[in-house]
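Contents: one structure, followed by commentary.
Note that these values count all heavy atoms, side chains included, but never hydrogens, waters or copies made by symmetry. Residue numbering restarts at 1 for every chain, and letters A, B, ... go by the order of the sequence lines. No experiment lies behind these values; they were computed from the predicted model shown.
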Number of protein chains: 2
Amino acid sequence: MKLEIIRKPSLEEALSFIREALRKKEYLVVFGECSVEYEGRGSSRLTSGERMFVVKQDGAVLLHRPEGYSPVNWQPSTASIEARLLHSGELLIVAIRSKPREILRVYFKNIEAAIKGKLMDTGEFVMYLSEAEIRDMIYENPGLIEEGLRITEKEKPIDIGYIDLFGYDSSGRPVIIELKRVPASREAVMQLYNYIVQYKKKYGVDPRGILVAPSFYRSAIDMAEKLGIEWKEINIQKLWKMKKSMEKKEMNTLDRFFKH
Amino acid sequence: MKLEIIRKPSLEEALSFIREALRKKEYLVVFGECSVEYEGRGSSRLTSGERMFVVKQDGAVLLHRPEGYSPVNWQPSTASIEARLLHSGELLIVAIRSKPREILRVYFKNIEAAIKGKLMDTGEFVMYLSEAEIRDMIYENPGLIEEGLRITEKEKPIDIGYIDLFGYDSSGRPVIIELKRVPASREAVMQLYNYIVQYKKKYGVDPRGILVAPSFYRSAIDMAEKLGIEWKEINIQKLWKMKKSMEKKEMNTLDRFFKH
DNA sequence: CTCTGGATGTCGCTA
DNA sequence: TAGCGACGTCCAGAG
């Protein structure tokens, strides 16, 4: 990232700075006092104030006021952006979108600073499920864990803490499931083991314990084997895709979908 | 607007710069290479890349990649934002929102530039021709929809929801108008249909239903025909011009202007 | 406070 | 390309 910054430029200086950024399709940020007109799907006017104006490298345009999540004016994509000086002594930036036809005009009275440069970003963005969502999915579809499993409770309170999922296997033996959406450590095994001990003490029955996670540290597996705890790997990416397709289709096709 | 800018700061320098901005609730923009974690309603991971990080004066947080209208990560409002250095040699910014509980963590590997300062913006933002305004225009000028239409109520409450506009046609039959200022989908037709059914059940009279929108999806038209619902296209650009000319001239010339 | 409907919604998938 | 539904939707207004 190589940024160029100008401070308190004259509008002439700012103009050539902005034009160069637009021409090179650089990331451009302008701080200054401006007023705005928008015409398109709706139309709006914004009287003068200090704001941050952004043009992204694909031509997306944002105008942000000092507060609030949302830009006060914007253009998700633009067919053209041009800047010029007006006789009134303002610097005008016009951003036009073609479909739908929309025009955004930003009139700068003065500019305090401007930044431009090329940003490199090849990062990968991944959206995961929250643990609660995974829990609910398994609650609705116990077959994700094991054939014949019946889950009767989620977030079951036990003396200390909560059991994520509780139920009975096909032979009627109680099953305690501890769920992690991140790689499971020895810690998670210990937690589950505590639940098992507590349950046994309280009900006099020895339950199975299954640790469910996307992956397991070596130490977790060692500990699990020592304590007779089972573990089951789940693929969160797959769950995510499933959830999306489920929302479109029907819930009851889920077990089948996942069982091969 | 008095902006402070630092270029290529060490992470230590950046830390104190950022902390001061946060403490003073200034507008803060940071350009640098970062990775991101988000946990809350969902959860996400973003691997390293060059981005613009913004904290607004009310604590709203935005993280923008080089392209696209939408921030890749954000926090509409925050209960707390803190910055600190990690042993790993990264600068971590943690933004926490309390309701719903959400945590955003941004890990800066290096920072290219940062800007902070207080922005003053008392400008007035006015949006023209919102749905409410269109509704009011039609209310005042039923001729926009149909010759001889009398509109008696707007925002008429019905068991579930509100009827945008209600009145009687030239033959005295009740008319229910549902208004959209965006292309109308099947959804809108169904909504209107529900009102019709409710009205009929309540008053024993079968009203006409007219869906008014700038355009209609094919599915909306199909559905409307199936359910015996009428639709009427309005031109919002034209309405906007009308409104402007109206403001200059007189209201009562409106019907004539629009009727050709 | 929660709930609901609108938005210059935006975005991505699909026919 | 247009339709259509999801979104960490956001946000304002009402009950």
Side-chain angles (χ1 to χ4, degrees), chain A residues 36-46 56 58 60-63 67-78 95-105 125-130 132-133 240-241 243-249, chain B residues 36-46 58 60-63 65 67-78 95 97 99-104 125-135 155 157 160-164 178-191 213-223 236-237 240:
Chain A
V36 188
E37 296 172 2
Y38 159 75
E39 297 285 333
R41 287 166 292 177
S43 50
S44 69
R45 296 293 177 276
L46 175 62
K56 293 221 208 170
D58 61 348
V61 172
L62 308 169
L63 185 81
E67 304 195 338
Y69 161 85
S70 308
V72 61
N73 282 107
W74 70 92
Q75 209 76 289
S77 64
T78 48
I96 298 179
R97 182 187 192 181
S98 36
K99 233 163 91 57
R101 183 75 180 179
E102 298 186 289
I103 303 188
L104 182 66
R105 292 187 190 83
F125 180 77
V126 189
M127 188 78 210
Y128 294 94
L129 293 169
S130 67
E133 285 174 294
W240 175 258
K241 281 182 196 155
K243 186 157 204 277
K244 277 170 71 169
S245 71
M246 263 164 41
E247 279 157 7
K248 281 184 206 153
K249 295 166 196 169
Chain B
V36 187
E37 296 172 1
Y38 158 77
E39 297 285 333
R41 285 167 290 180
S43 53
S44 68
R45 297 291 177 277
L46 176 61
D58 60 349
V61 172
L62 308 169
L63 185 81
R65 304 187 76 168
E67 304 194 339
Y69 160 84
S70 307
V72 61
N73 282 107
W74 69 92
Q75 210 72 294
S77 63
T78 48
R97 180 188 192 182
K99 238 164 88 60
R101 182 76 180 179
E102 298 185 290
I103 302 188
L104 182 66
F125 179 75
V126 188
M127 187 77 213
Y128 295 93
L129 283 197
S130 62
E131 184 167 315
E133 285 174 293
I134 298 173
R135 195 210 325 111
E155 297 247 270
I160 296 168
Y162 290 84
I163 293 173
D164 285 330
E178 173 66 22
L179 177 67
K180 293 286 164 199
R181 59 176 301 294
V182 292
S185 66
R186 199 172 41 189
E187 207 60 36
V189 181
M190 291 311 301
Q191 195 181 339
S215 67
F216 302 83
Y217 289 121
R218 184 70 229 169
S219 61
I221 293 179
D222 290 346
M223 184 61 72
I236 293 190
Q237 300 277 0
W240 195 76

Between [atom2] on [N] and [atom1] on [X], what's the gap in Å once rounded to a whole number?
X: L179(B); N: dG5(C); atom1: CG; atom2: C1'; result: 14 Å
X: Q191(B); N: dT4(C); atom1: CD; atom2: C1'; result: 11 Å
X: F125(B); N: dA7(C); atom1: CZ; atom2: C1'; result: 11 Å
X: E131(B); N: dA7(C); atom1: CD; atom2: C1'; result: 10 Å
X: E178(B); N: dG5(C); atom1: CD; atom2: P; result: 11 Å
X: L46(B); N: dG8(D); atom1: CG; atom2: C1'; result: 14 Å
X: K56(A); N: dC11(C); atom1: NZ; atom2: C1'; result: 13 Å
X: L63(A); N: dT8(C); atom1: CG; atom2: C1'; result: 14 Å

Which part of the nucleic acid, if any, lies within contact of V72(A), taking any heavy atom under 4.0 Å across all strands shown: a base, the sugar-phosphate backbone alone, or nothing?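 Here V72(A) touches the bases of the nucleic acid.
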Considering every strand and a 4.0 Å limit on heavy-atom distances, what is the contact class for S219(B): base, sugar-phosphate, or nothing?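 Touches sugar-phosphate only.
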Using a 4.0 Å heavy-atom cut-off, write out nucleotides 9-15 of chain D from 5' to 3' as B (base contacted by protein), S (sugar-phosphate only) or - (no contact). SSS---S
Does [X] place a side-chain N or O at less than 4.0 Å from the phosphate oxygens OP1/OP2 of [N]?
X: K99(B); N: dC1(C); answer: no
X: R181(B); N: dG9(C); answer: yes
X: R186(B); N: dG3(D); answer: no

Using heavy atoms to find the nearest nucleotide of DNA chain C for P183(B) and D164(B) separately, return the residue whose nucleotide is more 5′.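 Residue closer to the 5' terminus by nearest nucleotide: D164(B).
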Expressed as a whole number of Å, how far does the [atom1] atom of [N] sit from that of [M]?
N: dA14(D); M: dT8(C); atom1: C1'; value: 24 Å
N: dC11(C); M: dC11(D); atom1: P; value: 16 Å
N: dA6(D); M: dC10(D); atom1: C1'; value: 14 Å

Do you know the tightest heavy-atom contact between E133(B) and Y128(B)?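 Shortest heavy-atom contact: OE1-C, 3.0 Å.
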Approximate separation, where rounding is to 0.5 Å, of [X] [atom1] and [Y] [atom2]:
X: E39(A); Y: R105(A); atom1: CD; atom2: CZ; value: 7.0 Å
X: E67(B); Y: S77(A); atom1: CD; atom2: OG; value: 12.0 Å
X: Y38(B); Y: L46(B); atom1: OH; atom2: CG; value: 14.0 Å
X: E37(B); Y: L104(B); atom1: CD; atom2: CG; value: 9.5 Å

What donor-acceptor contacts under 3.5 angstrom involve side-chain atoms of residues 214-222 of chain B, with partners at least two apart or in another chain?
unit_1, atom_1, unit_2, atom_2, d
R218(B), NE, D222(B), OD1, 3.2
R218(B), NH2, D222(B), OD1, 3.0

I'd like to check, for Y217(B), whether its ring lies over the base of dG3(D) with centroids under 5.5 Å apart and a plane angle smaller than 30°.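 According to the criterion (under 5.5 Å, under 30°), no, Y217(B) does not stack.
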Residues I103(B), Q75(B); criterion side-chain contact (heavy atoms from CB on, under 4.5 Å); working and verdict: CA-CA 8 Å; I103(B) 302 188; Q75(B) 210 72 294; 5.7 Å; no
Identify, with sequence neighbours excluded, every residue that meets side-chain contact (heavy atoms from CB on, under 4.5 Å) alongside Q191(B).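 Checked Q191(B) against side-chain contact (heavy atoms from CB on, under 4.5 Å); matches are E178(B), K180(B), Y195(B).
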Please determine whether any donor N or O and acceptor N or O are separated by less than 3.5 Å between the side chain of Q75(B) and the base of dG8(D).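 Side chain to base: pair present.
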